[in-house]
There are 2 protein chains.
Amino acid sequence: MLNTQEILDRMSEKGLRITDQRRTLAKLFAETDGYLSPKDVYEYMGRQYSGLSFDTVYRNLRVMHELGVLEQIVFEDGMKFRVHCAAGEHHHHMICLQCEKTYPIHFCPMPMTDVPGSFQVVKHKFEVFGYCETCQREDHPLKSGGNE
Amino acid sequence: MLNTQEILDRMSEKGLRITDQRRTLAKLFAETDGYLSPKDVYEYMGRQYSGLSFDTVYRNLRVMHELGVLEQIVFEDGMKFRVHCAAGEHHHHMICLQCEKTYPIHFCPMPMTDVPGSFQVVKHKFEVFGYCETCQREDHPLKSGGNE
DNA sequence: CTACATGCAAAGTATTTGCATTGCA
DNA sequence: TGCAATGCAAATACTTTGCATGTAG
């Protein structure tokens with residue numbers, strides 16, 4: 001998983017300017033295990049940048065996603081972001097429905113899935129949802145995170 | 001997969017009233033293989049009901065989802081609905097990125113996935129995205145459907 | 001200095017709610 | 001006939017865009 005400096009380097013390489021706000025954003029994502037919604041980010045950033053506007057948050061999330069430093073996934077309650085997992089190691093995730101932290105699953109079902117030759121596979125998704133050890137000790141208010 | 005009458009019966013059992021509009025909705029979903037967005041539904045229904053309003057479509061989709069006759073899934077471009085797959089046969093789907101039709105995969109990776117005992121599994125998702133035979137013959141304009 | 005980043009305001013889109021009217025059961 | 005379903009209008013998110021100003025490089 002990328003650290004703060006790696007995120008900034010990556011952005012800088014691609015010609016993006018490193019502003020104070022982007023430095024904070026990079027740090028926030030580097031230090032967060034789970035997913036963050038634009039609102040989460042806005043609220044966190046807002047504590048340090050009084051005049052912060054939502055559109056800047058959205059713009060930065062979008063560029064960082066396009067640039068590949070962030071992953072974007074759509075939960076039932078909206079889109080969320082997290083740092084991109086290090087490239088090269090294909091894996092899937094267990095996602096906690098409570099805290100939304102993710103844990104890697106290195107097993108990939110794809111090779112043993114029997115897909116008819118007539119279907120041209122582009123990508124796949126395998127996600128396991130539940131409650132992580134920490135959250136099991138606490139209560140589980142109903143919260144959604146995915147399907148089936 | 002439920003047919004028109006089964007959908008209506010199910011709704012009627014639960015105390016919902018069978019209006020003309022709901023009859024058409026049931027038929028639409030019973031005869032559609034892929035996913036439909038609220039907008040798709042609105043446009044289709046609008047051809048037969050001139051004064052149709054969007055909120056009624058949303059309300060009916062919601063009720064039918066809560067009732068279990070429709071499945072709701074969130075794509076990157078919004079939520080979509082389809083008839084609920086017949087109960088009892090656990091399976092996953094291949095989803096065409098072009099036409100959004102789905103094809104069953106009876107293989108389930110869950111039993112062979114090594115989940116630490118400390119993680120309490122609630123549900124899982126395994127989806128394969130690509131292009132179905134029919135759509136491969138045509139062009140593939142960029143279209144989104146899921147992650148990873 | 002120049003081009004990109006930001007804040008502000010406003011526009012878009014998607015979805016939900018309140019209320020009066022209509023119509024199924 | 002009574003209560004749920006509908007249409008209409010307006011409210012509420014959520015996200016994007018245009019433009020003037022500020023600032024990294």
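Letters A, B, ... are given to chains in the order of the sequence lines, protein chains preceding strands, and every chain is numbered from 1. Predicted model only: the values in this text are computed from it and were never measured.
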Expressed as a whole number of angstroms, how long is the span from [X]:[atom1] to [N]:[atom2]?
X: Met64(A); N: dC4(C); atom1: CE; atom2: P; result: 19 Å
X: Met11(A); N: dG25(D); atom1: CE; atom2: P; result: 11 Å
X: Leu52(B); N: dT22(C); atom1: CG; atom2: P; result: 17 Å
X: Leu25(B); N: dA5(D); atom1: CG; atom2: P; result: 13 Å
X: Arg62(B); N: dA4(D); atom1: CZ; atom2: C1'; result: 15 Å
X: Tyr42(A); N: dG7(C); atom1: OH; atom2: P; result: 9 Å
X: Glu43(A); N: dC14(D); atom1: CD; atom2: C1'; result: 14 Å
X: Leu16(B); N: dG23(C); atom1: CG; atom2: P; result: 19 Å

When the side chains of residues 9-20 of chain B are checked against the rest of the protein, which donor-acceptor pairs come out under 3.5 Å, sequence neighbours left out?
residue	atom	partner	partner atom	Å
Asp9(B)	OD1	Gln5(B)	NE2	2.9
Thr19(B)	OG1	Arg22(B)	N	3.2

Between Asp20(B) and Lys39(B), just flag the one whose closest nucleotide in DNA chain C comes earlier from the 5' side. Lys39(B)
Between Gly51(A) and Ile18(B), the residue closer to the 5' end of DNA chain C by nearest nucleotide is Gly51(A)
Have Tyr49(A) and Thr24(A) got a donor and an acceptor in their side chains that come within less than 3.5 Å? yes
Base dA9(D) paired with Asp55(B) side chain (donor-acceptor, <3.5 Å): yes
Closer than 4.0 angstrom, basic N to acidic O: yes or no for Glu31(A) and Lys27(A)? yes
Within the structure, does a side-chain N or O atom of Gln21(A) lie under 4.0 Å from either OP1 or OP2 of dG7(C)? yes
dG7(C), OP1 or OP2 - any side-chain N/O from Ser53(A) closer than 4.0 Å? yes
Side-chain donor-acceptor pairs of residues 102-114 of chain A under 3.5 Å, sequence neighbours excluded:
residue	atom	partner	partner atom	Å
Thr102(A)	OG1	Arg82(A)	NH1	2.2
Thr113(A)	OG1	Pro109(A)	O	2.8

With distance as the sole test, does Gln48(A) use its side chain to make a donor-acceptor pair with the main-chain N or O of Met45(A) at under 3.5 Å? no
Do the side chain of Gln136(B) and the main chain of Tyr131(B) share a donor and acceptor less than 3.5 angstrom apart? yes
Which angle, to the nearest 10 degrees, lies between the helix axes at the two ends of the helix from dC1(C)-dG25(D) to dA25(C)-dT1(D), each defined by five pairs? 40°
Is Arg59(A) touching bases, backbone alone, or none of the nucleic acid, heavy atoms closer than 4.0 Å? base
Looking for any heavy atom pair under 4.0 Å, which part of the strands does Thr19(B) touch: base, sugar-phosphate only, or nothing? sugar-phosphate
When you measure from the side chain of Arg17(B), which nucleotide among dA25(C), dT6(C), dA24(D) comes out closest? dA25(C)
Picking from dA14(C), dG7(C), dC14(D), the nucleotide nearest the side-chain atoms of Tyr58(A) would be dC14(D)
Begin from the C-alpha positions of Leu70(B) and Phe29(B) and carry the test side chain to side chain contact (heavy atoms under 4.5 Å, CB included) through to its verdict. CA-CA 8 Å; Leu70(B) 293 187; Phe29(B) 277 105; 3.7 Å; yes
